[in-house]
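Structure, as structure tokens:
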Amino acid sequence: MEIRNIAIIAHVDHGKTTLVDRMIEAGKNPIKSTGELIMDSNPLERERGITITSKNVSVFYKDTKINIIDTPGHSDFGGEVERVLNMADGVCLLVDAFEGPMPQTRFVLQKALEIGLKPLLVINKVDKENCTPDEVHEKVFDLMFELDANEDQLEFETVYGSAKMGWMSKDWQKPTDSIDTILDVILDYFPPRKFDEGNTQMLITSLDYSSFVGRIAIGRLVRGTIKPNMPIILTKRDGAQEKHRIKEVFVFEGLEKRKVEEVQVGDICAITGIEGFDIGDSICDAENPEPLPSISIDEPTMSMLFTINDSPFFGKEGKFVTSRHIHERLEKELEKNLALKVEQTSSADKWNVFGRGVMHLSVLLETMRREGYEVQVGQPQVIIKEIDGVKQEPVEELTIDLPETHSGTAIDAVTKRKGEMTSMEPKGERMICRFMIPSRGLIGLRTFLMTATAGEAVVTHRFIEYQPYKGEIPGRLNGSLISMEKGTSIPYSLHNLQERGKFFIHPNVEIYEGQVIGENSKANDLVINVTKTKKLTNMRTSNTDEKMKIAPPKEFSLEEALEYIQEDEYVELTPESIRLRKIFLKEHERKRAGK
């Protein structure tokens with residue numbers, strides 16, 4: 001049977017997961033469709049509408065097995081992208097017919113072209129109003145040329161269509177009634193891969209975990225055979241070799257794994273029974289091992305301090321609150337999250353966690369709190385290196401797509417954060433502005449722009465390189481409103497203190513001393529008491545009982561909270577709440593630390 005391994009790459013929200021759903025429906029193996037977005041299996045992916053971890057699924061079409069690899073679009077999950085592209089024979093580049101290629105498309109495409117994969121361009125959403133498929137085709141050609149694509153890669157084929165409406169065609173003005181065109185093009189355009197003869201070789205590029213059999217190694221067999229109970233040599237990244245025996249072997253069929261007696265060369269398989277492997281290790285022949293080159297992964301650019309929850313409310317909502325629990329959970333995450341690094345600090349209950357960006361780390365935190373962990377995290381810090389005696393920091397390319405009327409606000413905000421504008425182009429009533437900005441300047445920028453443009457701005461960024469340090473960037477201008485004592489927030493007090501600033505809490509919620517309950521309208525921190533009730537007297541007057549009007553509080557998402565806090569604050573995360581607090585809860589401790 002012929003096999004094709006195809007990775008699908010696209011910018012966030014260009015319809016990648018929907019297209020995969022349609023391809024699965026068109027194949028011969030009837031998968032019981034559970035409605036939309038079969039591939040986004042993780043609840044976080046469904047809520048955010050993004051792909052976080054890559055997944056494999058297979059489709060049978062015209063006696064050929066097509067393994068489809070769904071890749072993440074965000075550069076924060078770049079560790080995930082780099083390793084799964086190693087399993088692919090070709091890539092489908094999916095682009096929106098209205099928006100054209102976006103910064104994150106560029107990131108994944110560059111990785112694919114460097115490996116030497118040939119792209120097939122799919123222009124999706126051609127049924128949208130005002131879309132320009134022909135212009136988009138030109139832009140993709142220019143982008144590939146910029147990324148040093150070779151002549152073979154530049155002679156790419158193009159398919160147009162609408163995954164949502166379920167059709168694909170070679171001419172966007174002639175809609176068809178099915179998605180078969182794209183499957184036919186995949187079979188013709190990507191010839192079957194030729195593999196060398198010889199003994200067993202397989203690179204572990206992904207892993208799965210099952211509570212019954214432990215860790216499962218996933219990769220593509222490039223030479224030889226793999227069978228159950230077969231002895232093999234596992235070659236580690238540093239060259240060390242260990243003897244192991246394979247227990248069971250599975251291949252992907254639809255969304256399921258099917259147990260097999262032997263794997264065909266070129267197919268993607270899952271293996272159980274091997275202990276202690278890492279991604280990037282090779283499975284080789286037991287007699288004459290010949291390892292494959294390992295995978296290199298981009299360095300992390302951001303770090304955050306994780307610590308146990310020691311607030312007065314610890315242990316009320318979570319199941320896992322001790323340092324042992326958190327340490328074990330971080331160790332477990334390291335097994336499958338390649339771009340993550342964890343360092344122990346001088347204290348036994350604090351860890352420095354390094355990742356690719358605020359989103360990369362916030363997805364880990366959100367997953368942990370849903371599993372029942374309680375944890376506190378400090379302000380995200382950018383990793384600064386010394387290269388040839390010069391202090392250097394990571395710099396990113398930032399693209400902001402926003403209504404033209406707000407472009408001045410955005411340019412002003414980015415310039416204050418040491419950003420430099422590189423281009424600005426109008427598109428309808430919107431403006432697309434591009435900048436080079438230090439990663440430090442991005443912290444809190446999205447939240448600010450969302451507020452300034454009433455949620456209209458689309459902000460995307462990708463890491464470029466390390467450049468000399470750009471100097472100080474001003475932080476948040478307003479101070480915090482801090483609770484004076486533990487108790488319940490009383491509506492009467494909130495009403496009276498409203499002109500002091502914006503509140504983050506509702507009336508009648510439990511608060512504790514040192515919790516950040518609002519933003520001061522001035523630059524300094526202010527300690528206030530919102531647990532005071534009204535003094536009751538037996539005198540009745542006409543003007544004492546005025547109606548209370550309390551403005552609705554500002555509620556933070558996890559990422560907004562991480563970007564909002566100052567250096568002397570923590571975000572406290574529990575399964576049901578996100579609270580902001582000062583590191584030192586007592587006022588005299590804060591004053592002593594300030595000296």
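The first residue of the sequence shown is numbered 1, and numbering continues consecutively from there.
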Tell me whether the count of non-hydrogen atoms from other residues, nucleotides or ligands lying under 6.0 Å of [atom1] in [X] goes above 12.
X	atom1	value
Glu465	CD	yes
Glu328	CD	yes
Lys522	NZ	no
Asp148	CG	no

For [X], check salt bridge (charged side-chain N to carboxylate O under 4.0 Å, His left out) against everything at least two apart and list the hits.
X	result
Asp349	none
Asp388	none
Glu569	Arg476, Lys582

Validation row: [X], [Y] side chains within 4.5 angstrom (heavy atoms):
X	Y	answer
Leu365	Phe306	yes
Asn352	Leu305	yes
Leu449	Ile400	yes
Lys486	Gln515	no
Ser362	Leu562	yes
Val353	Pro300	no
Tyr512	Arg581	yes
Pro553	Ile505	no

Rounded to the nearest 0.5 Å, how far apart are [atom1] of [X] and [atom2] of [Y]?
X	Y	atom1	atom2	value
Gln566	Ile583	CD	CD1	11.0 Å
Ile8	Leu19	CD1	CG	5.0 Å
Thr132	Lys139	OG1	NZ	6.5 Å
Leu402	Thr399	CG	OG1	12.0 Å
Lys332	His327	NZ	NE2	14.0 Å
Met436	Lys470	CE	NZ	8.0 Å

Are the side chain of [X] and the backbone of [Y] linked by a donor-acceptor contact shorter than 3.5 Å?
X	Y	value
Gln498	Lys549	yes
Asp525	Ser480	yes
Ser577	Arg579	no
Thr531	Ser489	no
Ser407	Met431	no
Glu317	Thr574	no

Does a side-chain N-to-carboxylate-O contact under 4.0 Å join [X] and [Y]?
X	Y	answer
Glu333	Arg329	yes
Arg434	Glu425	yes
Arg446	Glu563	no

For [X] against [Y], the heavy-atom pair lying closest together:
X	Y	result
Gln379	Ile565	NE2-O, 3.2 Å
Gly355	Leu340	CA-CD1, 4.5 Å
Arg430	Asp401	NE-OD1, 2.8 Å
Pro507	Leu494	CA-CD1, 3.6 Å
Ala457	Thr453	N-OG1, 3.1 Å
Val91	Ala112	CG1-CB, 4.0 Å

May I ask you to check whether [X] and [Y] show a side-chain donor-acceptor distance below 3.5 Å?
X	Y	value
Glu374	His325	no
Gln344	Trp351	yes
Ser483	Glu513	no
Ser439	Glu396	yes

Practice problem: Just grab all the salt bridge (Lys or Arg N to Asp or Glu O under 4.0 Å) pairs involving residues 406-424, residues at least two apart or on different chains. | Solution: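 Listed once each, the pairs are Asp412-Lys416.
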Quiz item: Of Lys385, Arg440, Glu393, which is the lone residue that meets side-chain hydrogen bond (donor to acceptor under 3.5 Å, both in side chains) with Tyr469?
Solution: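 Answer to the side-chain hydrogen bond (donor to acceptor under 3.5 Å, both in side chains) test with Tyr469 among Lys385, Arg440, Glu393: Arg440.
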Practice problem: Mind running side-chain contact (heavy atoms from CB on, under 4.5 Å) on Val571 and Leu580 for me, showing each step along the way? | Solution: CA-CA 5 Å; Val571 177; Leu580 310 184; 4.0 Å; yes
Self-check item: Residues in side chain to side chain donor-acceptor pair (under 3.5 Å) contact with Arg590, at least two apart in sequence or another chain
Solution: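 By the side chain to side chain donor-acceptor pair (under 3.5 Å) rule, Arg590 matches no residue at all.
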Practice problem: Applying side chain to side chain donor-acceptor pair (under 3.5 Å), name anything that partners Glu589, two or more places apart in sequence or on another chain. | Solution: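 So Glu589 forms no side chain to side chain donor-acceptor pair (under 3.5 Å) with any residue.
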Exercise. Please step through side-chain contact (heavy atoms from CB on, under 4.5 Å) for the pair Ile383 and Thr301, ending with a clear verdict.
Key: CA-CA 5 Å; Ile383 298 168; Thr301 56; 5.5 Å; no
Quiz item: Is the Tyr564 ring parallel, tilted or perpendicular to the Phe504 ring (thresholds 30°, 60°)?
Solution: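 Judged by the thresholds at 30° and 60°, the geometry between Tyr564 and Phe504 is perpendicular.
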Exercise. Walk me through it: do Phe435 and Ile411 pass the test side-chain contact (heavy atoms from CB on, under 4.5 Å)?
Key: CA-CA 9 Å; Phe435 305 88; Ile411 294 165; 4.1 Å; yes
Exercise. Dump the intermediate steps for side-chain contact (heavy atoms from CB on, under 4.5 Å) on Ile528 and Ser493, then the final yes or no.
Key: CA-CA 10 Å; Ile528 56 173; Ser493 297; over 6 Å; no
